[in-house]
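First up is the structure itself, then whatever we jot down about it.
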Amino acid sequence: MKVSHYFEFESRVTGGIRESVVHQRKMLDRLGIEYTTEPTLEADVFHCNLLGPRSAWYARRAARRGVPVVANTHVTAEDFGDSFRFTNALAKPLRPYLEWAYGLADALVCPSEYNRGVIKSYTDVPTTVISNGVDREKLAGFEELEATYRDRYDLEEPVVFLVGHVIKRKGLETFVETARRMPDVDFAWFGPLDLSLKGRETTALIEGSPENCTFTGYVDDVRGAYAVGDVFCFPTHEENEGIALLEAMTAGKPAVVRDIETFSWLEDGRECLKTAADAGVDAFVEAIERLADPGVRDRIGTNAAERSEEFALETVAERYRSLYGEVI
């Protein structure tokens, strides 16, 4: 079996989509499946991670050549808005394009049941849920970076943190305003911070954040975030899965999340604390105050780490072999 595992715009796209592709290729290596990162129809399967124009061109021709097409549904119009400058304007015309593009595939890979439900409103192409997974090996030894990162960013325990691109959709306003309400607690958001890509509202939230709210920008070793962070505050409004959440759980960090459908698999009070889907700052303050107790943090963090084991790459990998076999 040989797979053309293509990631259009690979040199430009970062964040969770890039991490997912890295994870997939590690899984293919683990399975011993031969693959090329170049787009080609000289393969048993054409697997694309972003259905941009070049991927769509190959997908249309794959049907004529009898080469099955597998595509990941990383992008939906629902999660495209409130991300970067101009994405709100592009979200509406994006949907009809994705309905057409996803319809070119023989099988679609959805990272969660929630995403699968969204995609079923786009197309009737068969869907399979395969988690993006969590790379436990990447996080190995994260504890050793605690002192370095606490000193570097002047953070004192307990640190409320988040990892990922700083965008409005992920609950930026709630994160900032919760920090403002808790001036004696350090908040830190670890992730790329290119203000040229942000809209005016997002820029104003970042620049107007309180002194106890740190935006680190890109960090060279993300393990440091999980080493120094104590409570993972993830007030996102829309998410297809959330690799950073899986990483935080793997590191044994308790999370505070909204009770949105994406996180329906998490048990409130056992593996995380949930606020209402439309909760304001008060609910996040209350949840974080509950986690000020080290015993509560340890209990929920331990349960989270145990639950995260089902998302390990070695657990998820076999699902790709099965899917490829089915489409071939």
Side-chain angles (χ1 to χ4, degrees), residues 16 19 79 111-115 117 129 131-136 139 142-143 157-164 167 169-179 181-182 185-191 222-223 225-312 315-316:
E19 282 299 299
D79 83 335
S112 66
E113 287 292 347
Y114 166 70
N115 176 262
V129 175
S131 169
N132 290 315
V134 59
D135 187 354
R136 304 172 74 87
L139 297 177
F142 72 92
E143 302 94 339
E157 184 180 356
V159 176
V160 178
F161 77 114
L162 207 161
V163 174
I167 55 180
R169 172 176 58 79
K170 291 186 180 292
L172 173 61
E173 183 174 5
T174 300
F175 190 87
V176 169
E177 294 307 316
T178 302
R181 286 276 301 278
M182 306 182 75
V185 177
D186 285 334
F187 283 65
W189 191 318
F190 297 85
V222 74
R223 294 181 304 160
Y226 299 109
V228 76
D230 298 293
V231 175
F232 190 77
C233 180
F234 196 27
T236 182
H237 297 276
E238 176 75 27
E239 207 72 25
N240 283 323
E241 183 179 38
I243 293 177
L245 172 62
L246 297 180
E247 290 178 343
M249 293 175 64
T250 298
K253 307 298 179 176
V256 180
V257 300
R258 296 184 187 277
D259 190 11
I260 56 177
E261 190 176 346
T262 309
F263 303 139
S264 60
W265 58 276
L266 283 167
E267 185 177 343
D268 179 30
R270 174 175 172 78
E271 299 147 354
C272 69
L273 293 183
K274 290 184 176 181
T275 71
D278 59 351
V281 173
D282 287 349
F284 281 88
V285 170
E286 181 181 346
I288 292 168
E289 287 178 341
R290 286 179 60 188
L291 292 170
D293 182 337
V296 177
R297 288 206 305 272
D298 290 346
R299 174 178 61 82
I300 294 180
T302 298
N303 292 337
E306 291 176 355
R307 185 66 191 276
S308 74
E309 292 176 4
E310 66 189 73
F311 298 94
T315 303
V316 175

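One is the number of the first residue; the rest follow in order along the sequence. A quick note: this is a predicted structure, and the numbers were derived from the prediction, not measured.
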Would you say the side-chain atoms of Thr178 pair up with the backbone N or O of Phe284, donor to acceptor, closer than 3.5 Å? no
Heavy atoms of other groups near Glu157 CD, more than 12 under 6.0 Å: yes
If you count heavy atoms of other groups shown closer than 6.0 angstrom to CZ of Arg307, is the number above 12? yes
Please confirm whether the backbone N or O of Glu238 pairs with a side-chain atom of Arg169, one donor and one acceptor, at under 3.5 Å? yes
Of all heavy-atom pairs linking Pro254 and Ile300, the shortest is CB-CG2, 3.7 Å
Return yes if a side-chain donor-acceptor contact under 3.5 Å exists between Glu241 and Ser131, otherwise no. yes
Counting only heavy atoms not in Glu310, do more than 12 fall under 6.0 Å of its CD? yes
For the student: nearest non-hydrogen atoms of Ala244 and Val163, plus distance: CB-O, 3.5 Å
Atom pair CG/CZ of Asp293 and Arg299 - distance to nearest 0.5 Å: 9.0 Å
I'd like to know if the side chain of Ser112 reaches the main chain of Asn240, judged simply by a donor and an acceptor atom lying under 3.5 Å from each other, with no hydrogens or angles considered. yes
If you take all heavy atoms of Lys253 and Gly229, which pair is closest and at what distance? NZ-O, 3.0 Å
Taking every non-hydrogen atom, the tightest pair across Ser308 and Thr250: OG-OG1, 3.3 Å
Nearest heavy-atom pair of Gly133 and Leu246: which atoms, and what distance? O-CD1, 4.0 Å
Short N-O contact, Lys274 and Asp259, less than 4.0 angstrom: yes
For Thr275 and Val256, what are the C-alpha separation, side-chain angles and deciding distance, and is it a side-chain contact (heavy atoms from CB on, under 4.5 Å)? CA-CA 7 Å; Thr275 71; Val256 180; 4.1 Å; yes
To the nearest 0.5 Å, tell me how far Ile288 CD1 sits from Arg297 CZ. 11.5 Å
Using side-chain heavy atoms (C-beta onward) and a distance below 4.5 Å, is Val176 in contact with Trp189? no
Check the orientation of Phe161 and Phe190. Use parallel for under 30°, tilted for 30 to 60°, and perpendicular for over 60°. perpendicular
Close side-chain approach of Phe175 and Cys233, heavy atoms under 4.5 Å: yes
Output for pair (Cys272 SG, Met249 CE), nearest 0.5 Å, gives 7.5 Å
Given side chains that start at C-beta, do those of Leu245 and Phe263 come closer than 4.5 Å, heavy atoms only? yes
Can you measure from CE (Met182) to CZ (Phe187) and round to the nearest 0.5 angstrom? 5.0 Å
Distance check, rounded to the nearest 0.5 Å: Glu286 atom CD versus Leu291 atom CG? 11.0 Å
